[in-house]
Amino acid sequence: MKKGQMCEGVIERIDFPNKGRVLVEGQNVTVKNGIPGQKVRFVINKKRKDKCEGRLLEILEKSPLEVIPPVCGEFPDCGGCMYQTMAYEEQLHMKAGQVKSLLDTAIAAAGQVDESGKPDYEFEGIIGSPKQWAYRNKMEFSFGDDHLDGPLTLGLHKKGSTYDVLTVDDCKIVHDDFTAVLRLVLDYFTIHPMPYYKKMKHTGYLRHLLLRRSETTGEMLVHLVTTSQAECDLSELTEQLLQLPMQGKIVGIMHIINDSLADVVQSDETRILYGQDYFYEYILGLKFKISTFSFFQTNTLGAEVLYDIARSYIGDTKDMTVFDLYSGTGTIAQILASVAKKVVGVEIVEEAVEAARVNAGLNQLDNCEFIAGDVLKVIDEIEDKPDYIVLDPPRDGIHPKALEKIINYQVPNMVYISCKPTSLARDLGMLIAKGYQVKKVKCVDMFPSTVHVETVCLLSRNK
């Protein structure tokens with residue numbers, strides 16, 4: 001098998017996150033962006049001694065698992081909801097299998113096995129999202145075109161493309177209010193043309209449309225993100241947005257100036273065109289102030305399920321000092337604060353720490369302390385010693401040196417919440433080697449129809 005060779009085969013299985021395995025000429029080839037059972041045509045684009053990767057070109061035959069018609073007009077070109085043609089129960093079954101396979105391998109390799117040599121822990125399966133569609137409370141849409149020098153588009157990138165943008169005006173994982181705003185903004189700049197930002201040339205004006213919506217109140221923030229390379233009177237667009245028929249209500253419209261060379265949504269300057277730059281969200285009886293760049297789980301109802309499981313795993317924390325490491329805006333810390341002596345949250349993003357302090361005040365919690373800084377450095381400076389530790393790191397997991405310091409606290413129990421099972425599997429290897437045992441694991445599907453899944457893991461220290 002050679003690089004550039006055209007091949008055909010059937011995807012036997014999908015490993016996390018979206019790595020299809022196809023057997024060709026006795027060798028396993030990784031082909032991304034497929035569904036188990038599909039017959040596909042692909043070209044070999046990477047070839048090493050022990051690894052071979054192919055780029056998907058065409059789906060020759062549908063999978064027997066594809067029993068649902070596509071729900072949006074952009075499928076399969078948009079890479080967001082790859083599994084939307086699968087029954088939801090099949091999606092859950094596949095994701096649970098992916099996580100269990102990863103963890104079984106990691107836990108067994110670390111030596112945590114029963115008498116028969118099998119990984120010795122309890123895998124409690126997966127819980128689905130309370131909403132399969134319209135579950136996202138935040139979305140970043142990009143301006144661009146779907147082919148070179150084509151008409152203006154506003155939406156999401158084509159699958160496998162860095163530059164081509166599809167207009168997703170019937171996206172089903174967001175609320176219809178998002179779609180209405182997207183369509184109005186695109187129509188406005190089609191009638192009143194402004195150049196979109198070209199990432200390679202670093203020229204242009206229109207960059208992103210960032211939308212946030214409260215699941216519980218329907219309040220919505222609209223952010224138009226542009227460069228400073230042009231001036232545009234946005235008063236007419238603002239008026240049109242405020243007159244737009246919606247189920248919810250726009251409470252703030254912002255113009256964000258972003259001249260960063262990187263393709264990220266950030267603010268060099270924020271101008272409030274209407275209203276306020278925040279709304280309130282409610283989760284498990286607590287109140288949270290959400291602003292433009294607040295970190296908050298993108299599936300509010302799914303987050304309630306996730307945190308409820310985490311809380312049940314953590315159990316009784318009466319008279320305990322709890323460390324919530326990688327605490328974000330302090331959601332978990334505040335859920336635990338009412339049943340703990342003290343909770344200390346550590347988070348590297350200063351804006352998130354400020355938001356956590358504000359939210360603790362809103363919820364009248366005076367036993368929460370939030371510290372801004374890198375966990376690797378901050379835990380050397382904290383005077384308190386934890387009785388319990390909760391870990392909720394970013395996708396890349398925990399830095400090995402930070403993990404070693406966390407282990408040295410020798411707390412009896414820990415809960416690890418992971419948004420990337422491969423990082424969790426890696427970190428469990430070190431935790432087990434240093435004296436911890438995985439007791440039980442449960443998955444939560446926060447992102448239906450996509451490749452992602454959250455995992456909650458309870459660990460106990462060997463006596």
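These numbers come from a predicted model, not from an experiment.
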Q | Identified side chain to side chain contact (heavy atoms under 4.5 Å, CB included) counterpart of I290 within the set R212, K138, E219, R213 | A | R212

Q: May I have all residue pairs that pass side-chain hydrogen bond (donor to acceptor under 3.5 Å, both in side chains) and include part of residues 224-239, sequence neighbours excluded?
A: T226-H255, S228-D259, D233-S235, E236-Q240

Any donor-acceptor pair under 3.5 Å linking the side chain of [X] with the backbone of [Y]?
| X | Y | answer |
| --- | --- | --- |
| N299 | M446 | yes |
| H175 | D177 | yes |
| T298 | N137 | no |
| S101 | G97 | no |
| T153 | T167 | no |
| K172 | C81 | no |
| E281 | E215 | yes |
| D374 | I348 | no |
| E140 | H208 | no |
| E347 | V349 | yes |

Where do [X] and [Y] come nearest, in terms of heavy atoms and distance?
| X | Y | answer |
| --- | --- | --- |
| I14 | G34 | CD1-O, 3.5 Å |
| K3 | N45 | CE-O, 3.2 Å |
| Q91 | S449 | OE1-N, 2.8 Å |
| D445 | S129 | O-CB, 3.2 Å |
| A303 | I283 | CB-CD1, 3.6 Å |
| M1 | V24 | CE-O, 3.3 Å |

Q) Does R357 count as lying over the ring of F370, i.e. NZ or CZ under 6.0 Å from the six-ring centre, within 45 degrees of the axis? A) no

Are [X] and [Y] packed together at the side-chain level, in the sense that at least one heavy-atom pair is separated by less than 4.5 angstrom?
| X | Y | result |
| --- | --- | --- |
| R207 | I256 | no |
| L148 | Y163 | no |
| M220 | L211 | yes |
| P36 | L65 | yes |
| C52 | K47 | yes |
| I379 | L325 | yes |

Q) Of all residues at least two apart in sequence or in a different chain, which pass the ring-ring contact (aromatic ring centres under 6.0 Å, His included) check with Y280? A) Y278

Q | F296: ring-ring contact (aromatic ring centres under 6.0 Å, His included) partners, not counting sequence neighbours | A | F288

Q | Note: R271-E269 ion pair, threshold 4.0 Å (strictly below) | A | yes

**Q.** Geometric class of the H202/Y197 ring pair [parallel <30°, tilted 30-60°, perpendicular >60°]
**A.** tilted

Residues forming a side chain to side chain contact (heavy atoms under 4.5 Å, CB included) with [X], sequence neighbours excluded:
| X | value |
| --- | --- |
| R426 | S423 |
| T450 | K95, Y135, F447, H452 |
| P195 | Y205 |

Q: Using a cut-off of 6.0 Å, state whether more than 12 heavy atoms not belonging to M6 lie near its atom CE.
A: yes

Quick test of your reading: applying salt bridge (charged side-chain N to carboxylate O under 4.0 Å, His left out), list the pairs with at least one residue in [range], sequence neighbours left out, ordered by first then second residue.
| range | answer |
| --- | --- |
| residues 151-168 | none |
| residues 64-84 | none |
| residues 302-311 | D308-R311 |

Q.
Suppose we screen for salt bridge (Lys or Arg N to Asp or Glu O under 4.0 Å). Which residues come up paired with E12, at least two apart in sequence or across chains?
A. none

Q: Under the salt bridge (Lys or Arg N to Asp or Glu O under 4.0 Å) rule, collect the residues that match up with K405, sequence neighbours excluded.
A: D380

Q | Any side-chain donor near an acceptor of the partner, T30 and E53, under 3.5 Å | A | no

List the atom pairs, with distances to 0.1 Å, where a side-chain N or O of residues 389-398 and a protein N or O form a donor-acceptor pair under 3.5 Å, not counting sequence neighbours.
| from | atom 1 | to | atom 2 | distance (Å) |
| --- | --- | --- | --- | --- |
| R395 | NH1 | C419 | O | 3.1 |

